[in-house]
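Contents: one structure, followed by commentary.
Predicted, not measured: the structure shown is a model, and the values here were computed from it. Reckoned from all heavy atoms, side chains included, excluding hydrogens, waters and symmetry mates.
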Amino acid sequence: MPLALLALAIGAFGIGTTEFVIMGVLPQVAGDFGVTIPTAGWLVSGYALGVVIGAPLLTVLGTKVSRKKMLMFLMALFVVGNTLSALAPSFGLMLVGRVVASLAHGAFFGIGSVVAAGLVAPEKKASAISLMFMGLTVANVVGVPGGTSIGQAAGWRVTFLIVAALGVIGFLGVAALVPETGRPESQDVRSEFAAFKNIQVWLAMAMTVLGYGGVFAAITYITPMMTEVAGYTEGAVTWLLVLFGIGMFLGNLLGGRFADRRLMPMLFTALAGLTAALLLFTATAHNQVLAAVTLSLIGALGFATVPPLQKWVLDQASAAPTLASAANIGAFNLGNALAAWLGGLVIAAGLGYTSPNWVGALLSGSALILALVAARLDRRGRTAGRVVAGSTVTEQIPAAVRH
């Protein structure tokens with residue numbers, strides 16, 4: 001695998017840390033600004049919605065420059081947003097900082113996926129994408145727990161200043177290691193938008209919204225769930241996030257490896273397992289050992305869907321993949337925003353801190369149904385293609401030969 005994938009993973013590490021570390025310090029942020037935990041959950045939803053907006057917008061703007069320069073600009077934007085979050089004097093300004101940082105997220109992973117896939121042979125594309133996303137999963141093993149510990153000991157503002165510093169390192173990594181390929185001739189806005197004429201691209205994004213959204217329904221409120229229901233101390237949340245991150249790391253690697261072999265069966269397995277794990281979490285959250293095990297399973301099964309879903313979009317939009325790839329990253333975060341909002345609603349309705357798990361199971365189960373539909377449409381399209389090809393060949397054979 002090319003060394004440039006390391007640079008992409010470094011950027012992904014910083015982005016992954018800022019995306020997920022807010023869960024670990026959510027009670028502290030809520031307390032400092034005098035808002036409720038469901039209200040503080042808007043820092044998750046606002047970030048996710050910023051990704052949804054920023055992914056297509058910045059990707060379209062990025063068609064005017066090389067992919068390397070665009071990746072560097074995105075990391076710079078990420079640094080500005082996290083610095084603003086760290087220094088914000090009010091909840092509203094912190095939300096603005098989160099949104100500014102999030103604008104870089106979707107375009108970075110969307111453009112980065114195309115760059116990663118273009119660096120390797122076709123049969124290694126899902127693995128290359130998973131290696132870039134490895135930075136995101138490592139962030140959940142190292143960056144998020146570390147940031148949570150720092151936030152609890154020195155204050156959440158210090159955490160976000162460190163995240164901004166990670167963005168600087170990511171910027172330097174992209175500048176040093178990603179090759180300068182120039183602006184592709186085929187990278188124009190009209191061809192990029194043409195990819196959305198394919199119903200499979202829309203199905204893939206819907207699967208992304210619902211599938212990974214199921215994970216966020218549970219993980220957004222993991223701190224109150226583990227402290228109030230499972231009985232863990234606040235300090236133990238750090239180690240629980242390590243377990244979640246290890247699960248994500250392993251699920252990402254396995255998802256990429258098996259997606260290169262049998263993409264849709266891998267996706268079916270991950271979504272079915274994720275739905276079952278989220279249903280179980282409602283019961284296992286009351287036991288400390290079972291809660292920890294289930295949390296790691298949710299991380300593994302949830303992130304095992306990422307490489308196959310991203311590769312499916314790239315395959316379906318192969319003629320102009322950049323915008324579709326970035327839009328699918330936006331779809332991940334649209335699911336995150338939707339799930340965080342729905343999770344906050346059921347908690348606010350008095351259904352308890354485990355109720356978001358039911359929301360997550362419903363979302364992931366719906367994604368599984370859409371995956372089955374997409375696979376059936378794909379098989380039907382392939383069959384129709386073979387029939388048309390066969391008919392064309394038959395028509396070209398003289399009647400005397402056919403008979």
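For the pair V215/F244, a side-chain contact is recorded, criterion being any heavy-atom separation below 4.5 Å from C-beta on. For the pair L295/M225, no side-chain contact is recorded, criterion being any heavy-atom separation below 4.5 Å from C-beta on. Two residues are said to be in side-chain contact when any heavy atoms from C-beta on lie closer than 4.5 Å; I219 and I298 fail this criterion. Side-chain contact between Y353 and T227 is absent, with no heavy atoms from C-beta onward closer than 4.5 Å. Between L342 and P356, the closest side-chain pair of non-hydrogen atoms is not below 4.5 Å. Taking the side chain as every heavy atom from C-beta outward, L372 and F268 approach each other to under 4.5 Å. Two residues are said to be in side-chain contact when any heavy atoms from C-beta on lie closer than 4.5 Å; L26 and T223 fail this criterion.
Expressed to the nearest 0.5 Å, how far CG of L301 lies from CE of M248 amounts to 12.0 Å. Atom CD1 of I199 and atom CG of L377 lie 8.0 Å apart (nearest 0.5 Å). Between the CG atom of L8 and the CE atom of M134 there is a distance of 11.0 Å, given to the nearest 0.5 Å. The CD1 atom of I111 lies 14.5 Å from the NZ atom of K68; values are rounded to the nearest 0.5 Å. Within the model, atoms CG of L166 and CZ of F78 stand 7.0 Å from one another, a figure rounded to the nearest 0.5 Å. The CD1 atom of I10 sits 11.0 Å away from the CG atom of L5 when rounded to the nearest 0.5 Å.
Residues in residues 281-301 take part in these side chain to side chain donor-acceptor pair (under 3.5 Å) pairs, two or more places apart or across chains: T282-W358, T284-T294. The list of side chain to side chain donor-acceptor pair (under 3.5 Å) pairs with a residue in residues 161-177, not counting sequence neighbours, is empty. Note on residues 23-42: pairs passing side chain to side chain donor-acceptor pair (under 3.5 Å), not counting sequence neighbours, are Q28-E234, D32-W156, T36-T39. Sorted by first and then second residue, the ring pair (Phe, Tyr, Trp, His ring centres under 6.0 Å) pairs with a member in residues 287-308 read Y212-F303; sequence neighbours excluded.
Across V99, V25, L95, a single residue satisfies side chain to side chain contact (heavy atoms under 4.5 Å, CB included) together with L43, and that is L95.
A donor-acceptor pair is defined here as one N or O able to donate and one able to accept, closer than 3.5 Å; no such pair exists between the side chain of S364 and the backbone of T275. Between the T18 side chain and the G14 main chain, no donor and acceptor come within less than 3.5 Å of each other. Of the possible polar contacts, one joining the Y221 side chain to the A340 backbone as a donor-acceptor pair under 3.5 Å is found. Of the possible polar contacts, none joining the T17 side chain to the V163 backbone as a donor-acceptor pair under 3.5 Å is found.
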**OP:** Tell me, with the steps shown, if L280 and L297 meet side chain to side chain contact (heavy atoms under 4.5 Å, CB included).
**Re:** CA-CA 11 Å; L280 280 174; L297 280 175; over 6 Å; no
Original post:
Should L172 and M75 be marked as a side chain to side chain contact (heavy atoms under 4.5 Å, CB included) after you check the CA-CA gap, both sets of side-chain angles, and the distance that decides it?
Top reply: CA-CA 9 Å; L172 296 174; M75 290 311 302; over 6 Å; no
Original post:
Stepwise, does the side chain to side chain contact (heavy atoms under 4.5 Å, CB included) test hold for I22 with Y47?
Top reply: CA-CA 10 Å; I22 188 65; Y47 184 96; over 6 Å; no
**OP:** May I have the step-by-step check of side chain to side chain contact (heavy atoms under 4.5 Å, CB included) for I15 and F108, ending in yes or no?
**Re:** CA-CA 9 Å; I15 291 174; F108 182 89; 3.6 Å; yes
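When all heavy atoms of L271 and G211 are compared, the pair lying nearest together is CD2-CA, 3.9 Å. Taking all atoms of both residues into account, the shortest heavy-atom contact from G167 to V79 is C-CG2, 3.5 Å. Contact between V229 and A285 at its shortest, heavy atoms only, is CG1-O, 3.6 Å. Across G16 and A139, no two heavy atoms sit closer than the pair C-CB, 3.8 Å. Across G173 and A7, no two heavy atoms sit closer than the pair O-CB, 3.3 Å. The two residues M207 and A374 make their nearest non-hydrogen contact at CE-CB, 3.9 Å.
Partners of S366 by side chain to side chain donor-acceptor pair (under 3.5 Å), not counting sequence neighbours: none found. Considering only residues two or more places apart in sequence or on other chains, F160 meets the ring pair (Phe, Tyr, Trp, His ring centres under 6.0 Å) condition with none of them.
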